[in-house]
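What follows is one structure encoded as structure tokens, with my remarks underneath.
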Amino acid sequence: MQLAAIIVSLVLIAVGFALFGRAIVQIYQFMRLGQSVPAGTRTDQPVQRTITVAKEFLGHTRMNRWGIVGVAHWFVAVGFFSLLLTIVNAIGQLFQADWMLPIIGEWAPYNVFVEFLGTMTLLGIATLIVIRQLSKPDNKPGRKSRFAGSKKGQAYFVEAVILIVGVCIFMLHALEGAQHHVDSYEASFFISYPVVSALQDLDVSTLQNLTYFFAGLKVATSFIWMIVIALNTNMGVAWHRFLAFPNIWFKREADGSTTLGELQPMTSGGKPIDWEDPADDAVFGVSQVEQFSWKGLLDFSTCTECGRCQSQCPAWNTGKPLSPKLLIMSLRDHAHAKAPYLLAGGGKDMEGNEKATEEQLKDVPAAALAEAERPLIGTAEENGVIDPDVLWSCTSCGACVEQCPVDIEHIDHIVDMRRYQVMIESAFPSEAGTMLKNLEKKGNPWGLAKKQRLEWLKELDFEVPVVGKDIEDLTEVEYLYWVGCAGALEDRAKKTTKAFAELLNIAGVKFAIMGGDEKCTGDSARRLGNEPLFQQLGQENVMALNMAFGEELDDDGKVTPESAKPKTAKKIVATCPHCLNTIGNEYPQLGGDYEVIHHTQLLQHLVDEGKLVPVTPVEGIITYHDPCYLGRHNKIYTPPREIIGKVPGLRNEEMHRHKERGFCCGAGGARMWMEERIGKRINDERVDEALSLNPDIVSTACPFCLVMLTDSVNGKKNDGKAKESITVVDVAQLLLESVKTPVDPEGSQETADEPEPEPVK
């Protein structure tokens, strides 16, 4: 047994290291196939990036959101790297059954460490195996299982390997104690001593044979695993153990924050595209897998197939074909299958002609050549890698990015593919075309005249100054209120606009609006994939804003070097989270740096300062819906809830999915302008969740969400599935209702004992 174990182990070790080394080289070459990224964008702040990796790995900051799963995975992950010396120990035991590591082999702290972590790794993987079995598609039919679509054979193989290795570590440690005659309890064997005691009844020969068996099994299992993953470089469930570290290190934000909020400018060959004079060979978006950046290819290879993104995706949960997990897996498998063709010099030019010679391609496997012919975006009949319905189902809500434990940037990759479809192929849902034309011609998605942006002012009983009409610039006001297209033009959203303006007036806050000079920020155009239109709208808005804030501009509308400071603080408040995100996070890319806050943040401040005092009770149960671009994209969860908590009479009930795990209304990612033809409507799914609490009020803080939720609630009322009294309102409307003093029966208004308003600092 000893001789057989030694021979088999040595052969597997030699083959394993050789193949694993080759696989590392292949993966490196594979990553180099991707496009470069702008200099410094993935390598800035190296110390902070290293801290982020350590924090995410040692703290398991993403995984631990999932309770026991995170704890179990922590022990498995940490055990994998910290128990590597047990392999060396096992190899030594093949030659001498009672062999121990020099120096530390008899050191009690090391033995305690091995005893504890080895046992916890074993318990951790056993827990994960049970969880997978309870959650597998057979037990959770339909789309309820987050493992639906994952490669279960590979997962079972990896789990079995860890389980076997864990058992071997435990048994070898116990056999070590038995062979060294540990005949009483001691710290080094504080868990395994009962097994040690039982083994001491065996004779020396049997103990040695058991040692050879478990040592050989441990070494063989470990290196069979190494050989298998070396031959399958697209095996994300195994390779994420290694690739997760660089993937986290190279993430967009060095401080570890999620890759949400702003989209990155379009690049070609690693350089931003000059939209005034794009290069002749500039590549717009992604139409072939090699046009993704190397970070994109690293993302695909790192996917663990855990399905957390899938379990949170609003499209997947309502019967759409999009699963963020399956999308990434498809891109990964396609990229790895196509790699031999690309590494041989293969590829197509912009006209679709092959760049490689027959000589270069003669040794490329037929499977790789066939994979190279597949369109990246195409239907099943076209043998496409990604179906168009998958691409256009995304609401860019960010749930996938928020939940991914290895920081994959799903939204960026989806938008890159959309960009090519929109800009080059003109292949996108027809309804969105109307929205784009309206943005081009009228500066708003409804195609209304710009003078209509001021119509809501006529319904106020106080004056709101308009920049360029009533005032020259913003030097006399505290805030510029960015009303937004929906806030100015959509009837339901206008109620929020008027309520917020009235609250600011009550609080004595001086503010102004841009009026007709305000154009759509370009959020929907950019997320649909029309980057040039976003650039056009954004630059026009930035020019108007910089002028309004008193900046001196050059002929191109850019801030002049002589204008070191604006005449006033560049403070903007927005009721639309999409406007907030675009102006605050994306306009700096266009030369517009502003302090942008959401209206709920300002209202909370005014309430806390006593400028607004909720006095009138608003009776009933309320449930609050987190807008994706306010919550996940900009981490603003508390202010709306604080305001609701200050309104007397309200009892807030949280929906099952809220805050970081909030469920989308279905309007983001330009879906506001596209019809839902597949599966259940996303807004209906969200409203069904809200109605399960039997609320009197459904509240939100976004005009898009307000429209989507109202449409669904009205539909439920018509079908008799919701009580007629239920209302959908913005947080600002609730606060205004409570701040206004009640009217007595004689018609005279009671006056609330409010402090004298002071200017907001």
Ring center gap for F500 and Y481 short of 6.0 angstrom:
yes

Is the distance from the ring center of F300 to that of H413 below 6.0 Å?
yes

Quick one: do [X] and [Y] make a salt bridge, cutoff under 4.0 Å?
X: R527; Y: E262; result: no
X: K680; Y: D688; result: yes
X: E459; Y: K495; result: no
X: E531; Y: R526; result: yes
X: E676; Y: R671; result: no
X: E455; Y: K458; result: yes
X: R677; Y: D389; result: no
X: K659; Y: E402; result: no

Taking all non-hydrogen atoms of both residues, which atom of [X] and which atom of [Y] are closest, and how far apart?
X: M435; Y: A670; answer: CE-CB, 4.5 Å
X: C397; Y: H633; answer: O-NE2, 3.4 Å
X: L460; Y: W456; answer: CD1-CZ3, 3.5 Å
X: A690; Y: P695; answer: O-CD, 3.2 Å
X: L706; Y: T710; answer: O-OG1, 2.6 Å
X: C664; Y: T395; answer: SG-OG1, 3.4 Å

Pair [X]-[Y], side-chain donor/acceptor within less than 3.5 Å:
X: S323; Y: Q310; answer: yes
X: H598; Y: N634; answer: no
X: T521; Y: D523; answer: no
X: K320; Y: T318; answer: yes
X: D387; Y: T379; answer: no
X: S524; Y: W673; answer: yes

Minimum side-chain heavy-atom gap [X]-[Y] below 4.5 Å:
X: D416; Y: R419; value: yes
X: I408; Y: I328; value: yes
X: L650; Y: I697; value: yes
X: C576; Y: P703; value: yes
X: T700; Y: L709; value: yes
X: L480; Y: M514; value: yes
X: V385; Y: I377; value: no
X: N694; Y: K723; value: yes

Would a distance-only check, ignoring hydrogens and angles, find a side-chain to backbone donor-acceptor pair under 3.5 Å from [X] to [Y]?
X: N317; Y: S311; answer: yes
X: R62; Y: V406; answer: no
X: K325; Y: A148; answer: yes
X: D696; Y: G620; answer: no
X: D299; Y: E409; answer: yes
X: S145; Y: S135; answer: yes
X: R651; Y: E619; answer: no
X: E518; Y: G484; answer: yes
X: N505; Y: A501; answer: no
X: T127; Y: A72; answer: no

Rounded to the nearest 0.5 Å, how far does [atom2] of [Y] lie from [atom1] of [X]?
X: K571; Y: E595; atom1: NZ; atom2: CD; result: 6.0 Å
X: L693; Y: I621; atom1: CG; atom2: CD1; result: 8.0 Å
X: L322; Y: L391; atom1: CG; atom2: CG; result: 9.0 Å
X: L630; Y: I636; atom1: CG; atom2: CD1; result: 4.5 Å
X: Q604; Y: I643; atom1: CD; atom2: CD1; result: 6.5 Å
X: L327; Y: W316; atom1: CG; atom2: CH2; result: 12.0 Å

Before giving the answer on side-chain contact (heavy atoms from CB on, under 4.5 Å), spell out for H625 and M655 the whole-Å C-alpha distance, their side-chain angles and the decisive distance to 0.1 Å.
CA-CA 8 Å; H625 162 79; M655 285 182 267; 4.0 Å; yes

So with a 6.0 Å cut-off around NZ of K450, is the heavy-atom count from everything else above 12?
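12 or below, so no.
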
Near K437 NZ, under 6.0 Å, is it more than 12 heavy atoms from other residues, nucleotides or ligands?
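Open.
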
Within 45 degrees of the ring normal and closer than 6.0 Å to the centroid, is that where the cationic atom of R132 sits relative to F147?
yes

Is NZ or CZ of R657 both nearer than 6.0 Å to the six-membered ring centre of F663 and within 45° of the ring axis?
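Yes, a cation-pi geometry.
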
Intermediate values then yes/no, salt bridge (charged side-chain N to carboxylate O under 4.0 Å, His left out), E502 and K740
CA-CA 10 Å; E502 192 167 345; K740 281 185 172 180; 3.2 Å; yes

Can K136 and K152 be said to form a side-chain contact (heavy atoms from CB on, under 4.5 Å), step by step?
CA-CA 9 Å; K136 66 181 182 180; K152 62 180 182 180; over 6 Å; no

Test applied, salt bridge (charged side-chain N to carboxylate O under 4.0 Å, His left out); reference residue, D711; option that passes from K716, R686, R492, R681:
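The option that passes is R492.
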
Once you measure the plane-to-plane angle for F704 and H578, does it fall in the parallel (<30°), tilted (30-60°) or perpendicular (>60°) bin?
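Geometry flag for H578 against F704: tilted rings.
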
List the steps, then state whether side-chain contact (heavy atoms from CB on, under 4.5 Å) holds for D626 with R641.
CA-CA 10 Å; D626 285 287; R641 290 176 169 83; 2.6 Å; yes

Between Y637 and Y624, is the side-chain contact (heavy atoms from CB on, under 4.5 Å) condition met? List the steps.
CA-CA 10 Å; Y637 297 109; Y624 174 72; over 6 Å; no

